[in-house]
Amino acid sequence: MPVIVDPDSGSVRRLLGALPPGCQSVDSPDRLLPWLAQHSDEYVVVLGPNVRFDDAVTVCEGLRVSRPMTGVILVRESFDTQTLARAMQAGAREVVALNDLDSIAGAVTRAHQFSVALRGPAAAEHHGQVIAVFSPKGGVGKTTIAVNLALALTDKGNRQVCLVDFDLAFGDVAITLQLFPTHTIEHAIGSENNVDAALLDSLLARYQDSLKVLPAPSHPDVRERITPTLISQTLNTLRSMFDYIVVDSAPAFDEQTLTVLEDADETVIIATLDVPTLKNVKVALDTLEMLAIGRGHRHLLLNRADDAVGIDAQKVESILGMDISTQITTSIDIAASTNSGVPILTSTPHHPSSAAIRNLAAMFTGDPVSPSGAEPGRHADVDGERRSRFRIRR
Ligand SMILES: Nc1ncnc2c1ncn2[C@@H]1O[C@H](COP(=O)(O)OP(=O)(O)OP(=O)(O)O)[C@@H](O)[C@H]1O
Ligand SMILES: [Mg+2]
């Protein structure tokens, strides 16, 4: 997915609006190289208008030699023929004006086509979308949502989906699905620089034909040996194998979780209607904003969205400063489904929570949402325009 380089968040937002979902951003050319080191298949870098021209030229000259497969698009407020000539000599693929968003989108599409042509048709096969499920609080429903969202995304086997348990110390995806895996991400330790589809395929467990699962290690002390590089390489490789990769995460801001959030195309953030959780979600959102992680690609899910607890959905939106995309009420059926090891989406597909999760999945796939059977509240209001923002461009 394209990476934007620009120190100004307003310009980044403007560019994000023109580019495919899942674009990432870094705030300086200095941060670009470490970022690229973790994203070996990156096909295009978009240098925003606030990157100094001399710095932009240095980036172009460096990448032309070190990463000829990665195109550089230079965006300027305005430019003259001298700027254009200098940028092209340095190795920029295109120079585009900031107010010409269509041309920026076109330049990115051309960079993708060029990359596919260079890497061969296999590169175009999958360009999986990584969806992280995160909350800074434990026990709010991350695993429940991740498991059911992954199942909803499979669309009964029509899409290739992998569910990854990156709650590395206390992951419970496997037990939630009653899987007893022999292999986990632990078996990829030491292969950071050689992660490939064959290795990952050998670690995946299968749930009911339609879903593949990469389980968390079975012992908590393994967590510290799972490096950010291994996490990034794993997600990158899974992108080439699956249409969607849903990542369950730990209730923490450790370096592994931050890497997941940085690499994710979309993040579902879970809150519940209690003051400590809302306080922590607010701090987490502020931190993500400060680090420019997931801007424009965060979706708030309110779990246990029940009446009469003294805080309502509107108050949550005003505290957190963002709209709620999905609400799920407390239901004994959800708790029972966890205990029985059969996710609610499988055990009770017509349950309002199942419908809400299917609609959440539709937000990412661009499928039509079903107004009937949606949870009471806000979810069914996802309109066509909003859905199209999340549609994958292949
Ligand atoms: N809307 C709900 N109604 C009833 N029970 C729920 C609901 N959401 C989650 N639960 C239950 O709450 C428990 C905790 O959920 P879950 O394991 O998904 O949380 P988590 O955020 O992943 O926790 P952890 O931080 O420990 O990983 C589970 O037993 C689950 O069934
Ligand atoms: Mg969990």
Side-chain angles (χ1 to χ4, degrees), residues 131-152 163-179 181 184-185 207 213-220 223 226 246-254 256-257 260-261 267-274 276-281 284 299-309 311-313 316 324-360 373-379:
I131 303 171
V133 179
F134 172 72
S135 178
K137 266 297 226 188
V140 294
K142 294 180 293 300
T143 304
T144 306
I145 301 304
V147 164
N148 284 288
L149 175 61
L151 281 169
L163 174 58
V164 179
D165 195 347
F166 275 158
D167 182 353
L168 294 165
F170 297 106
D172 39 23
V173 165
I175 194 77
T176 298
L177 292 172
Q178 291 203 319
L179 295 172
T184 75
I185 182 70
Y207 178 76
V213 177
L214 180 58
S218 41
H219 295 289
R223 182 186 73 102
I226 311 276
V246 177
V247 186
D248 189 15
S249 62
F253 255 141
D254 53 27
Q256 290 95 340
T257 306
V260 168
L261 297 177
T267 302
V268 178
I269 296 175
I270 302 186
T272 49
L273 287 173
D274 59 286
T277 299
L278 290 174
K279 188 268 276 168
N280 286 348
V281 170
H299 315 277
L300 183 60
L301 184 149
L302 189 59
N303 193 16
R304 299 181 177 277
D306 309 321
D307 298 335
V309 292
I311 308 174
D312 62 14
V316 170
I324 295 168
S325 0
T326 306
Q327 294 191 42
I328 294 177
T329 51
T330 297
S331 161
I332 199 161
D333 302 327
I334 297 180
S337 75
T338 301
N339 289 341
S340 67
V342 184
I344 186 105
L345 206 96
T346 307
S347 66
T348 324
H350 299 299
H351 195 279
S353 313
S354 304
I357 289 169
R358 271 197 303 277
N359 283 351
L360 175 65
E375 290 272 73
R378 305 285 304 278
H379 186 73

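Whatever order the structure lists ligands and atoms in, that order sets their numbers, starting from 1.
Closer than 4.0 Å to atom 13 (C) of ligand 1 lies none of the heavy atoms of the protein.
When Ala250, Gly139, Ala305 are checked for heavy-atom proximity to atom 23 (O) of ligand 1, Gly139 turns out nearest.
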For this session: Go through the steps for Asp254 and Thr257 under the test side-chain hydrogen bond (donor to acceptor under 3.5 Å, both in side chains), then give the verdict.
Result: CA-CA 5 Å; Asp254 53 27; Thr257 306; 2.6 Å; yes
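In summary, no N, O or S atom of Thr144 is located under 2.8 Å from the Mg ion (ligand 2).
No N or O atom of Asp248 sits closer than 3.5 Å to an N or O atom of ligand 1. Some N or O of Val140 is nearer than 3.5 Å to an N or O of ligand 1, by distance alone. Remark: ligand 1 and Gly141 share an N or O pair separated by less than 3.5 Å (distance only, no angle test). Polar contact with ligand 1: present for Thr143 (N/O pair, distance under 3.5 Å). In terms of polar-atom proximity, Arg304 is counted as a contact of ligand 1, with an N or O under 3.5 Å from an N or O of the ligand.
Heavy atoms of Val147 stay at 4.0 angstrom or farther from ligand 1.
Residue Asp167 approaches ligand 1 through these ligand atoms, each under 4.0 Å from one of its heavy atoms: 27 (O). Taking a cut-off of under 4.0 Å to the non-hydrogen atoms of Ala335, the atoms of ligand 1 that pass are 5 (N), 31 (O). Numbered from 1 in the order shown, with element, the atoms of ligand 1 that lie under 4.0 Å from a heavy atom of Asn303 read 1 (N), 2 (C), 7 (C), 8 (N), 9 (C).
Residues Leu345 and Arg358 meet the side-chain proximity criterion, which asks for heavy atoms closer than 4.5 Å.
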